[in-house]
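Heads up, the thing below is written out as structure tokens.
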Amino acid sequence: MRAITVVEPGGPDALVWAEVPDPEPGPGEVVMDVRASAVNRADLLQRQGHYPPPAGAPPYLGLECAGVISALGPDVAGWHVGQEVCALLAGGGYAERVAVPAGQLLPVPAGVDLVDAAALPEVACTVWSNLVLVAGLQDGETLLVHGGGSGIGTFAIQFGTALGATVVVTARAGKHERLRELGAAHTIDYREQDFVEEVRRVTDGRGADVVLDIMGASYLGRNVAALATGGRLVVIGLQGGRKGELDLNALMTKRATVAATTLRARPAAQKAAIVRGVRDEVWPLVETGRIRPIVERRLPMAEAAAAHRLLEEGDHVGKVLLTTA
Ligand SMILES: NC(=O)c1ccc[n+]([C@@H]2O[C@H](COP(=O)([O-])OP(=O)(O)OC[C@H]3O[C@@H](n4cnc5c(N)ncnc54)[C@H](OP(=O)(O)O)[C@@H]3O)[C@@H](O)[C@H]2O)c1
């Protein structure tokens, strides 16, 4: 088969579409013929040599895909050859075939195109696990999402709104109209406006009950300042650095919590539990049209370098997909 390989860690041109050995399904795994994968910000880090795949994962990039099951390994029940599925991966999606633990498979939601389904697993699992399992977001609460135009952000807007939360986002101004169409109640231009002041203004001084953060260190103090009493800050990205100063008194006074998680490093059993939760609680929202995959662009997989440049330029809203056909 062919896969995108990283010749030498570096810029987008390090990505080369090359012949590699075919995957074999191990116990509890299936092999999928990949129709599409999606680009995640973490892929840019892996390409640069900063985010190696966990032990046992395929060496190729790609944290999610959609396609057709072509082989079953031993001890797989409930899935069949020829079935259209999408999957959460620890790696290997930028390829013509990939072996996947059956616990990380999801059916393609009714009404969603097979290629577009590749835009869903990583964002659905990340957003659902953090907003529901970690932060316990409730109907009627206010959710602040940083990077509302990202793959993660466009999903979080739709999911938070579907849960009954008021969603406030930060994003560059050119993306605001599209994010309001997705359900964002308030948009903040983080380049021109102070998001703490804006969140307080739109919540009558109360603050956000939950903050989903992708910036890390550079937003830590301001995120705590933006929290309501009893608020929950969940950090899932470190685009603004990894080490920051935390005012524990501010946290104590508000009886607030800070959590940080990463999906890729979780053991397979936890990933399978998250995938089950997504199938039970998120897929019905997709199948009734409350949530849809937001796709900025489809490119042939051999043009993965161009797709990475698109993400680096940052003008996209939602996901960039890589297709094999
Ligand atoms: N922990 C996990 O398990 C997990 C899983 C998946 C993703 N993530 C993280 O989630 C983040 C989004 O991933 P993605 O693949 O969806 O990325 P993406 O589509 O490339 O989006 C990156 C976003 O960062 C925004 N941004 C940059 N500077 C900002 C700032 N100062 N304030 C607010 N927003 C800012 C950009 O918004 P503008 O264009 O508006 O500037 C852009 O929308 C990444 O940090 C990724 O590592 C974590």
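Both counts, for ligands and for their atoms, begin at 1 and track the order of listing. No hydrogens, no waters, no symmetry mates; every other heavy atom, side chains included, goes into these values.
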Seminar exercise, completed: Looking at Glu313, Met215, Arg266, the heavy atom closest to atom 29 (C) of ligand 1 belongs to Met215
For this session: Pick, from Arg172, Arg264, Glu64, the option with the minimum heavy-atom distance to atom 40 (O) of ligand 1.
Result: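 Closest candidate by heavy-atom distance is Arg172.
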Exercise. Hey, what do you get for CG (Leu227) to CZ (Arg206), rounding to the nearest 0.5 Å?
Worked result: 11.0 Å
Exercise. How long is the span from the NZ atom in Lys243 to the CG atom in Leu246, to the nearest 0.5 Å?
Worked result: 15.0 Å
Exercise. With backbone taken as N, CA, C and O and side chain as the heavy atoms from C-beta onward, which portion of Lys175 lies under 4.0 Å from ligand 1: side chain, backbone, both, or neither?
Worked result: side chain
Exercise. Which one holds for Leu263 and ligand 1: side chain close, backbone close, both close, or neither close, with close meaning a heavy atom under 4.0 Å?
Worked result: both
If we only count N/O pairs under 3.5 Å, is [X] in contact with ligand 1?
{"X": "Gly237", "result": "no"}
{"X": "Thr261", "result": "yes"}
{"X": "His146", "result": "no"}

Any chance the side chains of [X] and [Y] put a donor and an acceptor closer than 3.5 Å?
{"X": "Gln138", "Y": "Asp209", "answer": "no"}
{"X": "His316", "Y": "Arg297", "answer": "no"}
{"X": "Asp43", "Y": "Tyr94", "answer": "yes"}
{"X": "Thr187", "Y": "Arg180", "answer": "yes"}
{"X": "Gln46", "Y": "Arg264", "answer": "yes"}

Starting from [atom], what is the nearest protein heavy atom, named by residue and atom, and what distance separates them?
{"atom": "atom 19 (O) of ligand 1", "answer": "His316 NE2, 2.7 Å"}
{"atom": "atom 42 (C) of ligand 1", "answer": "Ser150 CB, 4.2 Å"}
{"atom": "atom 26 (N) of ligand 1", "answer": "Gln239 NE2, 3.9 Å"}
{"atom": "atom 14 (P) of ligand 1", "answer": "Arg41 CB, 4.0 Å"}
{"atom": "atom 28 (N) of ligand 1", "answer": "Tyr190 OH, 3.7 Å"}
{"atom": "atom 12 (C) of ligand 1", "answer": "Ile152 CG1, 3.9 Å"}
{"atom": "atom 48 (C) of ligand 1", "answer": "Ile236 O, 2.8 Å"}
{"atom": "atom 10 (O) of ligand 1", "answer": "Ile214 CG2, 3.5 Å"}

Report yes or no: does [X] contribute a side-chain atom to a donor-acceptor pair with the main-chain N or O of [Y] at less than 3.5 Å?
{"X": "Glu312", "Y": "Arg309", "result": "no"}
{"X": "Glu64", "Y": "Glu122", "result": "yes"}
{"X": "Glu296", "Y": "Val317", "result": "yes"}

Exercise. Are Asp113 and Arg292 close enough for a salt bridge, meaning some N to O gap below 4.0 Å?
Worked result: no
Find all atoms of ligand 1 within a distance of less than 4.0 Å from any non-hydrogen atom belonging to [X], and give their numbers and elements.
{"X": "Gly151", "value": "16 (O), 19 (O)"}
{"X": "Asn40", "value": "15 (O)"}
{"X": "Leu311", "value": "20 (O)"}
{"X": "Ala171", "value": "40 (O)"}
{"X": "Thr170", "value": "33 (C)"}
{"X": "Glu122", "value": "5 (C), 6 (C)"}
{"X": "Gly314", "value": "39 (O)"}

Work out whether the distance between some heavy atom of [X] and some atom of ligand 1 is less than 4.0 Å.
{"X": "Ala42", "value": "no"}
{"X": "Tyr219", "value": "yes"}
{"X": "Gly149", "value": "yes"}

For this session: Would you sort out whether Lys175 and Asp189 count as a salt bridge (charged side-chain N to carboxylate O under 4.0 Å, His left out), showing the intermediate values?
Result: CA-CA 9 Å; Lys175 298 181 178 177; Asp189 178 0; over 6 Å; no
Exercise. Taking the six-membered ring for Trp, are the ring centroids of His146 and Phe195 within less than 6.0 Å of each other?
Worked result: yes
Exercise. Which heavy-atom pair separates Val112 from Pro293 by the least distance, and what is that distance?
Worked result: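 Taking every non-hydrogen atom into account, CG1-CG, 4.0 Å.
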Exercise. Heavy-atom distance from atom 36 (C) of ligand 1 to the protein below 4.0 Å?
Worked result: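 So atom 36 (C) of ligand 1 lacks protein heavy-atom neighbours under 4.0 Å.
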Problem set entry | Candidate pair Asp22 and Arg97, rule salt bridge (charged side-chain N to carboxylate O under 4.0 Å, His left out), full reasoning | CA-CA 7 Å; Asp22 264 87; Arg97 282 185 275 288; 2.5 Å; yes
